[in-house]
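Note sheet for the following structure.
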Amino acid sequence: MTSERYNSREAEPRWQKFWSDKHCFEAKEDVSRPKYYVLEMFPYPSGRIHMGHVRNYAMGDVIARFKRACGYNVLHPMGWDAFGMPAENAAIERGVHPKTWTYENIAAMRSQLKSMGLSLDWSREIATCDPRYYRHEQAMFLDFMKAGLVERKVSLVNWDPVDQTVLANEQVIDGKGWRSGAMVEKRELAQWFLKITDFSQDLLDALDRLEKWPEKVRLMQRNWIGRSEGMRFSFVLEDANGCELADRLTVYTTRHDTIFGASFCALSVDHELARKLSETDAGLAAFRREVSALGTSEESVERAEKQGYPLGIFARHPFKPDVRLPLYAANFVLMGYGEGAVFGCPAHDQRDLDFARKYKLPVRTVVAPRGPQANAFDVGAEAFVDKEGTDTVLINSDFLNGMTVPQAKEEVSMRFESAGIGERKVNFRLRDWGVSRQRYWGCPVPVIHCRGCGIVPVPKAELPVTLPEDVTFDKPGNPLLHHPTWKNVKCPQCGEAAQRETDTFDTFIDSSWYFARFCSPHADVPVDENAAHYWMPVDQYIGGVEHAILHLLYSRFFARAMSMTHHLDWDEPFASLFTQGMVVHETFKSASGEWVFPVDAVLKDGNWMHAKTGEALTVGGIEKMSKSKRNVIDPESIIAGYGADTARWFMLSDSPPERDIEWTEAGAEGAWKFTQRLWRLVNEAAVLPTTEFAGNWGSAATDLRRVSHKSLVAVTDDLEALRFNRAIARIYELANALGAALASGTTSPDMVAAIREAADFITLMFAPMMPHLAEACWELLGHAQPVVETPWPKPIAALIAENEVTIAVQVNGKRRDEIKLQKGLARDKVEDAVLKLDAIKRALDGKSVVKFVVVPDRIVNIVVGG
RNA sequence: GCGGGCGUGGCGUAAUGGUAGCCGCAACGGACUUAAAAUCCGUUUUUCGCAAGGAAGUGCCGGUUCGAGUCCGGCCGCCCGCACCA
């Protein structure tokens, strides 16, 4: 029997139009139904979708379609993270206006996404560069200001010299700008900050409750927030002659137990005291410049020796006033953490030890492994840093001798507190979020600088503050600053001439609340209360792990800030998070060392060569698809060639979704063949003659039905748990069973009914992955309702239940045979049956049974002696 | 340095502490065909054996258990994140 090939090129646009005309995926609030909000991280409109998008959105679509079939009211929206630097770079390089460039890209990518057949509610589409979106961002910023969540302060900031803008700490990776890759410099600028640190503790604590987040991501956030418990206390300072100075030196430590091991103090070159002294000390000024220039990248940290500059000042030991600790400015002390100053205890901190060895400072061991030799313990080249171990003991430490580390900490804390020179302090690594960017293509900060009134918020009635469109990119720096008129306004308070803030927001603000906006994308408030109450939180969020810290932490903060300002009644925006793996591909290099596109690489006689030049190619590693390595496959060409269903199917098969998946031509080909196979099977099933059937199932038909219903249960469980690769393996199994049943040629009424049922089931089961093919098959099978309106089938319990089970029989843990037995058979009957097996008799020959392990319906293990 | 993850056939992978390798890819053999493609059927962890049937096997070493890919301890290797955070 032959049938026509499935023509995806014809069928896919047809079904897409069908869904769209019926408004199948437009979500409406309906409190009578359970809701399900599935969201994939929205794309930056770079111009074209890539395979990573295909994988991400295919996964989200499977969940959306599956949940919809299961009866949920599903919200599955899409939008554009549309502000950002590439648009400005395009303007600089090609003279296109960022807005034009962005909207053209959006149009192109929207049509590409539509060609994937995603079940998206396009009526909710938003773009963050649309004033109808960012006006609400500006309004919320003003509310955040009122709530005390915004701060403007002059601070040392990370300055990206290439992008000519400030970067948040989170955007500095390895001392380099996350986008430009340029070495970041330190600059002092007045900046806007969002006070994410107000929520440090809560952001940390709530991680424990995010049970449906990957442990890895929670851990990364925990480390990033970086809570530590310690003490802040001050030293009295004196000059070289022993005269007490007016200044005190406040330090932060988590090892106050080691205070008797202190042999110096060190402060950051950016510390106030160091700055002050450098005004009169040229050597110090030079040292400060030198250290600042080095930066804090991994490389420079690794290479840089510990360096210090003696300040000629000494700190008095708090418990031994006659002990003087020399004070240094040092390159290894960070201004951004704690007090920017530390006391050095060389024996119990590696950095301090390196420093002490270099400057010949005393190394005094004060913590030792507990035991008779404790007092003789001495550190060598490596500091003894055991912190909480109870098998350690304090030595050489006056009143602390003999105590454990925790005891000593407690004792020192109490003495400091009663002496009034220090207090317990919890420190966080997390810094406030600097959100000012000196760029054009972003959301304007809605404030005005007035000479008389200072900082004046733009009145809400005047929002949005829109970007001017007549800007030029011929000069470096911020076009808003260069614009001849835009920034000139009247002060809303006093009416005098004033100036707009020309900084724009970090684009991570845009993506920190879009998920909430999707609940009511056309509302004239940022978020409609009822809509958000119904839809939030996002039930399933899917995206790349690269956003584990930045985007996900900012969004968690934003939800809290929005709750505080009554824009949202939910603190945690994403109930469940899934981080999918990357799409990787082989790399090819020519002899001249240039990367070659996979489409140009052809295999000839076992050797790779360039399709056009014939040059020999070497095969490199399998790496993440990237433009620079040219190992990219364009989804558009795949969809045009094989169809969207095939591309989606391949992205979901084989590899577990959290792991990387390698794109291979053979794999894509295999997926395509399977779509054709499904089409053929359904065709064959559909044309079987239907006859009257009284409901008397024969054993062959029942066997097939068992496979159908068991597959259904397995696929349902797998989709529920996002195990797409396993669901697909089960679908292959059912296809094999269906194929065998068709090949058998039986056309008895019961067999035909069983085959029809299997065809129905398999179609509904693969529908979330290959929705177009499913509709085509479903139509062919004679159903009036489309798949999108067909509920997920329900298994029949009797067909899943087994009355016979296959039990493995082991002797001493080694499998010797297996036996089919009635389910739930009594233990002694199992023993009797097992002992009758030939293989078991052989294995037991002449040996005595020591123990008979029977795990009901699973396994038997006979333990024998001698 | 700190933290986390992973290690299973030629490859991608699967396996509530209970028959290791489901499913797919690739390969090989066969059917159909003038031929090819497509399709269908079969074989495919290694090893001994004509076979029946054995033996070994989930990075390495040890432990717990009637039973370990799975749990515990120690190594080795790879990947990821953080990192002069006091």
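Numbered from 1 within each chain, the chains take letters A, B, ... in sequence-line order.
Residue A/Arg730 places its side chain closer to B/rC22 than to any other of B/rG18, B/rC22, B/rA86. For A/Trp224, the side-chain atoms get nearest to B/rA83 when compared with the rest of B/rA86, B/rU39, B/rA83. Residue A/Pro656 places its side chain closer to B/rA14 than to any other of B/rC82, B/rA14, B/rA86. You'll find that the side chain of A/Arg815 is closest to B/rU19, out of B/rC84, B/rU19, B/rC85. Considering only side-chain atoms of A/Asp654, the nucleotide from B/rA86, B/rG12, B/rC23 that sits closest is B/rG12.
Between A/Ala729 and A/Asn725, the residue anchored nearer the 5' end of RNA chain B, judged by the nucleotide with its closest heavy atom, is A/Asn725. Ranked by how close their nearest RNA chain B nucleotide is to the 5' end, A/Ile807 and A/Asp352 are led by A/Ile807.
For the C1' atom pair drawn from B/rG62 and B/rU13, the interatomic distance equals 29 Å after rounding to whole Å. Comparing B/rU70 with B/rG59, their P atoms are spaced 8 Å from each other, to the whole Å. Separating the P atom of B/rU19 from that of B/rC71 is a span of 16 Å, rounded to the nearest Å. Straight-line distance between the P atoms of B/rA20 and B/rC6: roughly 23 Å, to the nearest whole Å. Taking atom C1' in both B/rG21 and B/rC66, the straight-line distance is 24 Å, to the nearest Å. B/rA68 and B/rC76 are spaced 26 Å apart, taking the P atom of each and rounding to whole Å. Spacing of C1' atoms, B/rA14 relative to B/rU65, comes out at 25 Å, to the nearest Å. For the P atoms, the distance linking B/rA31 with B/rG12 amounts to 33 Å, nearest Å.
The aromatic rings of A/Phe416 and A/Phe233 sit parallel, their planes meeting at an angle under 30°, below the 60° perpendicular limit. The aromatic rings of A/Tyr6 and A/Trp679 sit tilted relative to each other, their planes meeting at an angle between 30° and 60°. Between A/His709 and A/Phe761, the ring planes are tilted. Angles from 30° to 60° get that label. In this structure, A/Tyr642 and A/Trp672 have tilted ring planes: the angle between them lies in the 30° to 60° band.
At the heavy-atom level, A/Thr806 lies under 4.0 Å from base atoms of the strands shown. Note on A/Val333: a base of the nucleic acid sits closer than 4.0 angstrom, heavy atoms only.
Base pairing of B/rG21 is not made with any nucleotide, judged by Watson-Crick or G-U wobble geometry with both donor-acceptor distances under 3.5 Å. Across all strands shown, B/rG77 is found opposite B/rC6 as a Watson-Crick or G-U wobble partner, with both distances under 3.5 Å. Across all strands shown, the partner of B/rC82 is B/rG1, judged by Watson-Crick or G-U wobble contacts whose two distances both fall under 3.5 Å. Nucleotide B/rG29 has B/rC41 as its partner under the Watson-Crick or G-U criteria, with both atom distances under 3.5 Å. Under the Watson-Crick or G-U wobble criterion, with both distances below 3.5 Å, B/rA55 is paired with B/rU46. Pair assignment for B/rU64 gives none, since no Watson-Crick or G-U wobble pairing has each distance under 3.5 Å.
Considering only side-chain N and O atoms, A/Ser655 lies under 4.0 angstrom from the phosphate OP1 or OP2 of B/rU13. One finds a side-chain N or O of A/Arg429 lying less than 4.0 angstrom from the OP1 or OP2 phosphate oxygen of B/rA83. Put simply, A/Tyr252 has no side-chain N or O that comes within less than 4.0 Å of OP1 or OP2 on B/rA86. Under 4.0 angstrom from either OP1 or OP2 of B/rA86 there lies no side-chain N or O belonging to A/Asn427.
Listed by chain and residue number, A/Tyr541, A/His547 satisfy the ring-ring contact (aromatic ring centres under 6.0 Å, His included) test with A/His551 (two or more places apart in sequence, or in another chain). Applying the ring-ring contact (aromatic ring centres under 6.0 Å, His included) test to A/Phe724 and every residue at least two apart in sequence or in another chain returns nothing. Taking A/Phe852 as the reference, nothing meets the ring-ring contact (aromatic ring centres under 6.0 Å, His included) condition, with sequence neighbours excluded. Legend: residues meeting side-chain hydrogen bond (donor to acceptor under 3.5 Å, both in side chains) with A/Asp828, ordered by chain and number and at least two apart, are absent. Take A/Tyr309 and apply the ring-ring contact (aromatic ring centres under 6.0 Å, His included) test, not counting sequence neighbours, and it matches A/Phe287.
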Could you run down the sub-3.5 Å N/O contacts of the protein with nucleotides 66-71 of chain B?
residue, atom, partner, partner atom, Å
B/rC66, O2', A/Asn861, ND2, 3.0
B/rC66, O2, A/Asn861, ND2, 2.8

Anything under 3.5 Å between a protein N or O and an N or O of nucleotides 4-8 of chain B, put it in a table, one pair a line.
none

Can you tabulate the close N/O pairs, meaning under 3.5 Å, that link protein atoms to atoms of nucleotides 29-32 of chain B?
none

Which protein N or O atoms sit under 3.5 Å from an N or O of nucleotides 40-44 of chain B?
residue, atom, partner, partner atom, Å
B/rC40, OP1, A/Arg677, NE, 3.4

Which atoms of nucleotides 51-57 of chain B (N or O only) lie under 3.5 Å from a protein N or O atom, and what are those distances?
residue, atom, partner, partner atom, Å
B/rA55, OP1, A/Arg816, NH2, 3.4
B/rA55, OP2, A/Arg816, NH1, 3.4

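Not one N or O on the side chain of A/His317 forms a donor-acceptor pair closer than 3.5 Å with the backbone of A/Ala262. Judged purely by atom type and a 3.5 angstrom limit, A/Asp817 has no side-chain atom pairing as donor or acceptor with the backbone of A/Asp838. Listed for the A/Ser263 side chain is a donor-acceptor partner under 3.5 Å among the backbone atoms of A/Pro362. Judged by distance alone, with hydrogens and angles left aside, the side-chain atoms of A/His348 form a donor-acceptor pair with the main-chain N or O of A/Phe384 at under 3.5 Å.
Applying the salt bridge (charged side-chain N to carboxylate O under 4.0 Å, His left out) test to residues at least two apart or on different chains, the pairs with a partner in residues 647-669 of chain A are A/Asp61-A/Arg648. Pairs passing the salt bridge (charged side-chain N to carboxylate O under 4.0 Å, His left out) check and including a residue from residues 707-717 of chain A, sequence neighbours excluded, read A/Lys710-A/Glu802.
Other residues, nucleotides and ligands place no more than 12 heavy atoms under 6.0 Å from the CD atom of A/Glu272. Sparse packing is recorded around NZ of A/Lys212, with 12 or fewer heavy atoms of other residues, nucleotides or ligands lying under 6.0 Å away.
Using modelled atom types, one finds a donor on one side chain and an acceptor on the other under 3.5 Å when comparing A/Thr197 with A/Asp432.
You'll find the side chain of A/Arg227 reaches within 4.5 Å of the side chain of A/Gln201, heavy atoms only.
The glycosidic torsion of B/rG29 lies more than 90° away from 0, placing the base in the anti range.
Between the side chain of A/Arg351 and the base of B/rA86 there is at least one donor-acceptor pair of N/O atoms closer than 3.5 Å.
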